[in-house]
Amino acid sequence: MSIVTLFVDTSDEKVSSERRFEKSLTISQLKYKLEPITGIPFSTQKIDLYQGNTLQGTIDDDERMLGSYPVEDYMRIQVTDTNPHRIKNQYTDVSLVEKFELTEDEYQKRSDTVRAFKERNKLGRFSAEAAAQEKAIEQAREEAANQIKVGDRCEVLGDDDTAQRLGTVRFVGETKFQPGPWVGIQYDEPLGKNDGSVNGERYFTCPPKYGGFVRPTKVNVGDFPEDDFSLTDDELEEM
C-alpha cells in the first residue's frame, strides 16, 4: 500500500494541515476525506495540485485514483469551494455553534453535574472540614460586626492585614449584593469605589470615590483622627 504525505490548504476556511493519504483512493473518496478537514462540502470542492507555489494541475476526475496524478510527498493540494453562496468559515467559527446553557437554578437541580457529585461525596467546599471553616468565617464576621457602629472612626486592613485606609463607618448590616454582614466606609481620601451605593441600591451617602464596602473582619475601630488636608505647611510644622 503506497502512502503520500500532502499539505492540505484552503483560503476561505483558513485551514492548513499535513495529511497522509493512500494513493489507491479515488478522487471521490479523497473528497469525502477532505470534507471534515476543510469544511468544504464534497460536491463543491475544486482540488489543485501544487509543487511549492507552482501549479501542477487540477485533480478533477472523481473516478481516477490519487496515484494516477503526479503526486509526491510534501506537495500541496489547494481545496477551493466552488459554491459562491455558501457562508464561509461556518466549519471553523465556533461562535456560530449553538451552545447548551443552564441557569443556576437548573444546574442546581441536576444530579449528573460535578457539583452534585461533590455534594454527594462531601468533597471540596462540600466537605465537613470546608463547612466548618465556612461556619467559623461567618461567625467571626458576625462577631466583628457587633463591635462596629455607624459613626465609628476606623482603619481598613488590606489583604496582608496591614492598615491601608482611614475612614468613618456609615453602614453596618446585610446588603443585596452579597450575603453576610458588610461595613460601609466613607474614606478620608478618594480611595473608594462608589458613593455609598452598589448596583443602584443606596446604603449611605458620600462623595463619589469616597465610599467602599468591606467585611467586618477587615475593620478596626478606634481613635483615628481625620487628617486636616486644609492645613498649610507652616501649620503642619507646628503640630
Separation between CG (Asp152) and CZ (Arg170), nearest 0.5 Å, reads 10.5 Å
- Is the closest side-chain donor-acceptor distance between Gln78 and Asp48 under 3.5 Å? no
* To do: For the pair Glu22 and Lys33, evaluate salt bridge (Lys or Arg N to Asp or Glu O under 4.0 Å) and give the outcome as yes or no after the intermediate values.
  => CA-CA 11 Å; Glu22 297 176 17; Lys33 288 183 176 292; over 6 Å; no
Leu191 and Val156: same hydrophobic cluster, using ILVMFWY side-chain contacts below 4.5 Å? no
Treat each ILVMFWY residue as a node, draw an edge where side-chain heavy atoms are under 4.5 Å apart, and state whether Val183 and Val198 are in one component. no
* Would you say the side chains of Glu129 and Gln133 form a donor-acceptor pair under 3.5 Å? -> no
Are Ser17 and Arg19 close enough that a side-chain donor and a side-chain acceptor fall under 3.5 Å?
-> yes
Exercise. Please confirm whether Tyr203 and Trp182 have ring centers closer than 6.0 angstrom.
Key: no
All heavy atoms of Leu55 vs all of Leu49, minimum pair found to be CD1-O, 3.5 Å
| task | With the side chain counted from C-beta on, respond yes when Arg115 and Gln108 share a heavy-atom pair under 4.5 Å apart, and no when they do not. | result | yes
| task | Can you establish whether the number of heavy atoms outside Met65 located under 6.0 Å from its atom CE is more than 12? | result | no
Check your understanding: Does one hydrophobic cluster hold both Phe224 and Ile185, with members joined at side-chain heavy-atom distances below 4.5 Å?
Key -> no
Note to self: Hydrophobic clustering (ILVMFWY, side-chain heavy atoms < 4.5 Å, transitive) - are Val169 and Leu166 grouped together?
What the structure shows: no
Closest non-hydrogen atoms of Ile40 and Thr44, given as atom of the first, atom of the second and distance, are CG2-OG1, 3.9 Å
Residues passing the side chain to side chain donor-acceptor pair (under 3.5 Å) test with Asp61, sequence neighbours excluded, are none
Looking only at heavy atoms, the pair that brings Ile59 and Ile27 closest together is CG2-CD1, 3.3 Å
Thr168 meets the side chain to side chain donor-acceptor pair (under 3.5 Å) criterion, sequence neighbours left out, with Arg153
For atom NZ of Lys209, is the number of surrounding heavy atoms from other residues, nucleotides or ligands below 6.0 Å larger than 12? no
More than 12 heavy atoms of other groups within 6.0 Å of Asp159 CG: no
Kindly check if the number of other-residue, nucleotide or ligand heavy atoms within 6.0 Å of CG (Asn199) is above 12? no
Residues pairing under ring-ring contact (aromatic ring centres under 6.0 Å, His included) where one sits in residues 16-52, two or more places apart or in two chains, turn out to be Tyr32-Phe42
- When you look at Glu155 and Asn220, which way does the side-chain contact (heavy atoms from CB on, under 4.5 Å) test go after all the steps? CA-CA 5 Å; Glu155 63 177 8; Asn220 285 336; 3.2 Å; yes
Q: State whether the number of non-hydrogen atoms from other residues, nucleotides or ligands found under 6.0 Å of Phe117 atom CZ is greater than 12.
A: no
Stepwise side-chain contact (heavy atoms from CB on, under 4.5 Å) test for Glu143 and Gln147:
CA-CA 7 Å; Glu143 292 175 354; Gln147 304 301 315; over 6 Å; no
Rounded to the nearest 0.5 angstrom, the CD-CD1 distance for Gln56 and Ile77 is 13.5 Å
**Asked** Does atom NZ of Lys218 have more than 12 heavy-atom neighbours, drawn from other residues, nucleotides or ligands, at distances under 6.0 Å?
**Response** yes
Exercise for the section: State plainly whether one hydrophobic cluster holds both Phe171 and Val221, where clusters connect Ile, Leu, Val, Met, Phe, Trp and Tyr through side-chain heavy atoms under 4.5 angstrom apart. Expected result: no
For this session: Assess whether side-chain contact (heavy atoms from CB on, under 4.5 Å) is satisfied between Ser28 and Thr26, documenting all intermediate values.
Result: CA-CA 5 Å; Ser28 177; Thr26 65; 3.8 Å; yes
For Gln45 and Lys31 the tightest heavy-atom approach is NE2-O, 3.1 Å
Problem - Atom CG of Asp112 with >12 non-hydrogen neighbours under 6.0 angstrom - result: yes
Inset, instruction - Please confirm whether Phe204 and Phe213 have ring centers closer than 6.0 angstrom. - result: yes
Distance col, row Ser111:OG vs Glu119:CD, nearest 0.5 angstrom, shows 11.0 Å
In terms of heavy-atom contacts, Gly124 and Ser127 come closest through O-OG, 2.9 Å
d(Arg120 CZ, Phe126 CZ) to nearest 0.5 Å is 11.0 Å
Worksheet entry | Glu106, CD atom: more than 12 neighbouring heavy atoms under 6.0 Å | yes
Looking only at heavy atoms, the pair that brings Pro216 and Pro181 closest together is CD-O, 3.3 Å
Are the side chain of Arg165 and the backbone N or O of Gly192 linked by a donor-acceptor pair below 3.5 Å? no
Please test Leu34 against Ile47 for side-chain contact (heavy atoms from CB on, under 4.5 Å), starting from the C-alpha separation and ending with a verdict. CA-CA 10 Å; Leu34 290 174; Ile47 306 174; 3.6 Å; yes
Practice problem: Kindly say whether Gly52 contributes a backbone atom to a donor-acceptor pair with the side chain of Arg76 at under 3.5 angstrom? | Solution: yes
